[in-house]
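What follows is a single structure, written as C-alpha cells, with notes after it.
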Amino acid sequence: MKFYLAPLEGITGHIYRNALEKYFPGTDRYFTPFIAPDQNRILRTKERRDVLPEHNHVPDLVPQILTNDAREFQRTALVLQEMGYQEVNLNLGCPSGTVVSKKRGSGLLAYPDEVDRLLEQIFENVDLKISVKTRIGKDDASKALTLMEIYRRYPLSELIVHPRTQKDFYRGEPDQEAFGEILSLSYPFPVCYNGNLLTVRDYRAFCERFPKVTSVMLGRGVIANPGLIRYLKTGEAIQKESLHLFHDEVLEGYRNVFGEDKNALFRMKEMWIYMIHLFSDHEKHMKKIRKAQNLLEYRCAVDALFREQELLTEGPRRWNLPQR
Ligand SMILES: Cc1cc2nc3c(=O)[nH]c(=O)nc-3n(C[C@H](O)[C@H](O)[C@H](O)COP(=O)(O)O)c2cc1C
C-alpha cells in the first residue's frame with residue numbers, strides 16, 4: 001500500500017510536511033494545499049514559498065492546482081515544471097462556498113461536459129504527469145459514474161477519489177458503497193481512496209473491504225496522529241518524546257516564517273483541533289491551549305498536556321472531528 005498525505009490548507013504546508021518527514025517518515029507522497037491562480041497572478045507569495053523546492057525536504061511532493069481554466073492551469077504547471085516538478089494535481093474536490101460559486105473544485109462536478117473540456121485542453125497542452133483529486137458529485141452522487149467515465153478516457157497518472165459530494169462537506173461517513181461501484185469500472189491508472197481513514201481500525205476495515213486498492217490518502221488521521229502512517233507500515237508506535245520534538249519544530253518553523261507569535265499560535269491551535277485526540281483525558285488541556293494568548297502561556301499548556309496525559313497509540317476509536 002502507498003500512503004499519501006492529503007493536502008490541508010492552513011495545516012500541511014512545507015513547515016508541517018518537513019517536520020512530519022523528519023520525525024515520522026513513511027509517507028510515500030505529499031501534496032501541497034491548493035494553488036489558486038487567477039488572470040493576474042500565478043503564484044501568491046505564500047504559495048511560492050510553500051512550493052519552492054529548496055523549502056521542501058520530502059521525497060515526493062506534488063503541487064495541487066485549483067482552477068477551471070485550462071490556460072491558468074497550463075501557465076501554473078509551466079512555472080512548477082521550471083521549478084523541477086514532474087507531476088501536478090488538479091483539485092476537483094474543494095467544497096468551500098467561495099470556490100464552488102466560481103465553478104471550481106467540486107463546483108465543476110455539476111457540469112461533466114465542462115470537466116471533459118477542461119481535461120481535454122489540459123492534456124493537449126501540458127507536458128507533465130497529471131493526477132486528479134475528485135469528489136463524487138456536487139449536490140448528489142447521481143453523476144459519479146458519468147464523471148468516472150470521463151476521467152478514464154484521459155491518461156491521468158492517478159485518480160484520487162473522496163467519496164462525498166460537495167454538499168456533504170466533511171460531514172458523516174464517506175460513501176464507500178459508491179466508491180465500490182466506482183472501482184467496478186476499469187481504469188488505465190491507479191485509483192486512490194481518501195476519506196475518514198482516521199484510525200488503525202478504519203484503515204484495517206478499509207483494506208478488508210477493498211483489498212485491491214494500492215494507495216490511500218490520509219488527512220485528518222495523520223494530523224491527529226502524526227505517527228499513523230509509520231505505525232501502519234512498520235508497527236512502530238508513536239512516542240511522546242518524538243511527538244514533542246515534532247511539535248516544537250513545527251512551532252519554531254511557524255515563528256520563523258511569520259516573524260511573530262500570534263500567527264504561529266493560530267496555526268498551532270488549528271493543528272491541536274485534531275492532535276489533541278491523541279491524548280488521554282484532554283478536555284481541560286485543550287481549553288488552556290485554545291485560550292493561550294502568548295507563547296509562554298501556550299508552552300505551559302502544551303508542556304502540562306505532555307507531562308500529565310498519555311498517548312493513545314492506535315488513535316481513539318472514534319472522535320468528533322470539526323464538521324467543516
Ligand atoms: C482544513 C482542511 C483543509 C483542506 N484543504 C484542502 C486542499 O487544499 N486541497 C484538497 O484537495 N483538499 C483539501 N482538504 C480535504 C482533504 O485533503 C481531505 O480530502 C479530507 O480531509 C478528507 O480526508 P481525511 O478524512 O483523511 O481527512 C482540506 C480539508 C480540511 C479539513
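Counting convention: from 1, in listed order, for ligands and their atoms alike.
- A salt bridge does not link K167 to D139: none of the charged side-chain nitrogens sits closer than 4.0 Å to a carboxylate oxygen.
- At least one N/O-N/O distance between K133 and ligand 1 falls below 3.5 Å.
- Remark: ligand 1 and G219 share an N or O pair separated by less than 3.5 Å (distance only, no angle test).
- The option from N194, L92, L90, I35 that lies nearest to atom 23 (O) of ligand 1, judged by heavy atoms, is N194.
- Residue-level proximity to ligand 1 for Y4 is absent, since no heavy atom of it falls below 4.0 angstrom.
- Figure legend: K233 and F3 shown without cation-pi pairing, the cationic atom not lying both under 6.0 angstrom from the six-membered ring centre and within 45 degrees of its axis.
- Counting atoms of ligand 1 from 1 in the listed order, those under 4.0 Å from a heavy atom of A6 are 17 (O).
- Under 4.0 angstrom from ligand 1, there are no non-hydrogen atoms of F31.
- Near Y170, the atoms of ligand 1 lying under 4.0 angstrom from a non-hydrogen atom of the residue are 14 (N), 15 (C), 20 (C), 21 (O), 28 (C), 29 (C).
- Counting the atoms of ligand 1 from 1 in the order shown, those under 4.0 Å from a heavy atom of R220 are 21 (O), 24 (P), 25 (O), 26 (O), 27 (O).
- Below 3.5 Å of separation, one finds no N or O of I11 facing any N or O of ligand 1.
- Within the structure, ligand 1 has G195 among the residues with a heavy atom less than 4.0 angstrom away.
- Here the side chain of D168 pairs no donor or acceptor atom with the backbone of Y170 at under 3.5 angstrom.
- Residue-level proximity to ligand 1 for H162 is carried by the side chain, the only part with a heavy atom below 4.0 angstrom.
- Ligand 1 has no N or O atom lying under 3.5 Å from any N or O atom of Y274, backbone or side chain.
- Contact annotation for E270 and ligand 1: no heavy atom of the residue comes within less than 4.0 Å of the ligand.
- At least one N or O atom of P7 sits closer than 3.5 Å to an N or O atom of ligand 1.
- Put simply, the residue from T27, T12, N56, T32 that forms a side-chain hydrogen bond (donor to acceptor under 3.5 Å, both in side chains) with R17 is N56.
- Close contacts between ligand 1 and P33 involve ligand atoms 8 (O) [criterion: under 4.0 Å to a heavy atom].
- Atom NZ of K269 is surrounded by more than 12 heavy atoms from other residues, nucleotides or ligands within 6.0 Å.
- Counting only heavy atoms from C-beta outward, the side chains of Y16 and I223 approach each other to under 4.5 Å.
- Looking at N196 against ligand 1, both its backbone and its side chain come within 4.0 Å, counting heavy atoms.
- Between H55 and H14, the ring planes are parallel. Angles under 30° get that label, and only those over 60° would be called perpendicular.
- Judged by the 6.0 Å distance and 45° axis criteria, R29 is positioned over the aromatic ring of Y4.
- At least one side-chain heavy atom of F123 sits under 4.5 Å from a side-chain heavy atom of P155.
- A donor-acceptor distance shorter than 3.5 angstrom exists from the side chain of E297 to the backbone of Q293, with no hydrogens or angles considered.
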